[in-house]
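Just so you know, these numbers come straight off a predicted model, no measurement behind them.
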Amino acid sequence: MFKDRRLLLIFAIALIDVVVAGALGALLIKFVIDLPAKPIWLTGGTALMLAVQLAFSPAIGHLSDKIGRRPITIAATIVSMLSSFLLLPVQAWGYVANRVSKGGTNGLYAVLRSSMADITQGEDLVKYSGMLSFIVGGGAFIGPMFGAILLLNMHEARHDALPLVILILVLAGLNVLLALLFKETNDKPKEKVSFKELKDKALSSLKIKTIWTQLVESDKKVPGIKPIFILNMLATLGFGYYAFFVAFLTQSDLGMEPLDTAYFFLYFGGLSFLANSVFFRYIVGHVNKRKTIIGIILLSIVLQIGYCFSESSVTLLYVVAGIDALTVSLIGGLIGGILSEVTQDGGGQGEVFGNIQALGGLASFVTALVNSLLSGVSMKAPFIFCALSSVVVVWWTMRLPEEARKYTDMNVNQRKQKEEAETKPAPV
């Protein structure tokens, strides 16, 4: 399946890091058990992590351009492992500290995306980066899905978060070993980077206008990157309710216990993995991606209305969630694959991926923050917000300019023709 062993390591490192970040799932309630407004705390932790990511991702991506992907991957996995120790006390302060430190290592995903752009081209890039984007973007349910396996097999884990924290530490340690096995993908000459340069890059990242200006400059070099990136940000708002699942399942009228939640995440995550594996391996190259996005987002609006009514019916919840997993879960990978292709045309720099990670994190932060506040009003309100955001996604996708459509509308046959034309020698 993988032409390059490094691709397998990229997927493994990303998947394990996502599990380390989100495996606690429903057991997060154990960390905030004595605090008021639990839904706000549960969703607010994600918002906090994404806010920290805004500052660090561009700097980490920039650093990987200068000194290589491998050392940054190793460093990020080590820090991720150390941050997991903060969960051992099973206290709210440990949970908050863990979210802050995990936000600092989320730039790892930008480095992994850059590594994939270093070693893949054309249809392979769209296919593999689509799966990677699904894994990273689906962390809100992929992490809890793997945590659910422990809950189903260990009775103590359903009532005590410590066994799951220990499993997270073991996985974090395994990821450090995998990172040590990872071979460099950035063949450019290595450069020295000063602490001041990194500090300035991190501080500039907090100035949203600065990152946006850099994105505009990238769009001048590769027309189409800006409208596709805006599409990515809007879509993040549209399916941001994934990060709200834990609070919805446990704090709404559904009132699910950890075991019930474990079954749900195994069901949702399993269907999502199946759908994305089939789609990106066999289908993605043969469809008009723009039309596919429009169709799926329109369906997602209907599904989010369904979630509003599923609070009083577990059966309806499973029906809506099943359709969601088989369809809407494709969006993150679909747009991510397109974005990786257009970024590669611009040089595939880690800094650009870092900027995308940061601004994408900003969209996720806004979604998590809004959903956190709305959940204090009504458990249905976040779904209504995301449905309204999805309407904007449809509107924006329909009006994508021509320079963006050459990436979204191209199928595998047209791509082959383009590649053959580019490699055809010029007439003498």
Side-chain angles (χ1 to χ4, degrees), residues 1-18 57 60-61 64-65 69 73 106-139 142 182 185-186 218 222 224-225 228-229 231-233 235-236 239 272-273 275-287 289-290 292-293 296 329-361 364 404 406-412 415 418-419:
M1 180 180 178
F2 296 107
K3 299 176 181 177
D4 190 319
R5 187 176 68 92
R6 290 173 294 184
L7 283 172
L8 178 60
L9 281 173
I10 288 172
F11 279 110
I13 292 169
L15 180 59
I16 293 176
D17 193 75
V18 162
S57 288
I60 290 174
S64 77
D65 286 335
R69 319 290 187 212
T73 300
N106 271 6
L108 170 65
Y109 303 135
V111 177
L112 294 178
R113 291 178 197 271
S114 299
S115 294
M116 187 163 284
D118 290 338
I119 58 178
T120 58
Q121 299 285 333
E123 200 62 37
D124 281 344
L125 176 63
V126 175
K127 178 170 64 176
Y128 291 131
S129 63
M131 277 301 298
L132 182 64
S133 296
F134 159 67
I135 291 171
V136 173
I142 292 175
F182 185 62
T185 62
N186 182 9
S218 297
V222 186
I225 190 171
I228 291 175
F229 174 73
L231 171 62
N232 184 63
M233 288 190 70
T236 300
F239 61 83
S272 297
F273 259 106
N276 280 267
S277 298
V278 172
F279 181 80
F280 287 106
R281 184 162 177 77
Y282 301 107
I283 301 174
V284 67
H286 303 281
V287 298
K289 299 174 185 63
R290 181 172 54 87
T292 302
I293 291 169
I296 291 177
S329 72
L330 300 172
I331 288 294
L334 191 55
I335 299 175
I338 298 168
L339 197 55
S340 291
E341 183 182 19
V342 67
T343 302
Q344 186 190 55
D345 282 356
Q349 292 184 325
E351 183 175 355
V352 177
F353 279 108
N355 289 341
I356 289 171
Q357 182 84 24
L359 285 173
S364 297
K406 70 181 182 181
Y407 294 99
T408 62
D409 293 16
M410 189 181 300
N411 60 35
V412 64
R415 193 181 306 281
K418 174 189 173 185
E419 291 172 355

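- Distance check: F182 CZ to R5 CZ gives 9.5 Å after rounding to the nearest 0.5 Å.
- Taking OH of Y282 as the start and NZ of K127 as the end, the distance is 9.0 Å to the nearest 0.5 Å.
- Taking CG of L125 as the reference point, atom CD1 of I119 lies at 10.0 Å (rounded to 0.5 Å).
- Looking at every heavy atom in both residues, K289 comes nearest to Y407 through CD-O, 4.4 Å.
- Distance check: E341 CD to T120 OG1 gives 10.0 Å after rounding to the nearest 0.5 Å.
- Remark: of the listed residues L7, L9, I10, I10 is the sole one forming a side chain to side chain contact (heavy atoms under 4.5 Å, CB included) with S115.
- Under the 4.5 Å side-chain criterion, counting only non-hydrogen atoms from C-beta, L112 is not in contact with V136.
- S329 is linked by a side-chain hydrogen bond (donor to acceptor under 3.5 Å, both in side chains) to N276, counting only residues two or more places apart in sequence or in another chain.
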Output, in order, the C-alpha distance, side-chain angles, deciding distance and verdict of side chain to side chain contact (heavy atoms under 4.5 Å, CB included) for I293 and L231.
-> CA-CA 10 Å; I293 291 169; L231 171 62; 4.2 Å; yes
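- Side-chain contact between D118 and R6: absent, with no pair of heavy atoms (C-beta onward) separated by less than 4.5 Å.
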Does the side chain to side chain contact (heavy atoms under 4.5 Å, CB included) test come out yes or no for V342 and F229, once each step is laid out?
-> CA-CA 10 Å; V342 67; F229 174 73; over 6 Å; no
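- Closest approach of G333 and S133 over heavy atoms only: CA-CB, 3.7 Å.
- When all heavy atoms of L108 and I13 are compared, the closest pair comes out as CD2-CG2, 4.2 Å.
- With hydrogens and angles disregarded, a donor-acceptor distance shorter than 3.5 Å links the side chain of N186 to the backbone of S64.
- Residues passing the side-chain hydrogen bond (donor to acceptor under 3.5 Å, both in side chains) test with T408, sequence neighbours excluded: none.
- Taking all atoms of both residues into account, the shortest heavy-atom contact from L334 to F280 is N-CZ, 3.3 Å.
- Between R69 and S114, the closest side-chain pair of non-hydrogen atoms falls below 4.5 Å.
- Residues L339 and I225 share a closest heavy-atom pair of CD1-O, 4.4 Å.
- Side-chain atoms of Y109 and V18, non-hydrogen and from C-beta on, do get closer than 4.5 Å to each other.
- Rounding to the nearest 0.5 Å gives a distance of 11.0 Å between CD1 of I296 and CZ of F239.
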Report the C-alpha separation of Y128 and S340 in whole Å, then their side-chain angles, then the decisive distance to 0.1 Å, and conclude whether the side chain to side chain contact (heavy atoms under 4.5 Å, CB included) test is met.
-> CA-CA 10 Å; Y128 291 131; S340 291; over 6 Å; no
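- Across every non-hydrogen atom of I331 and A235, the tightest pair is CG2-CB, 4.2 Å.
- Taken to the nearest 0.5 Å, the CZ atom of R290 stands 11.5 Å off from the CD1 atom of I228.
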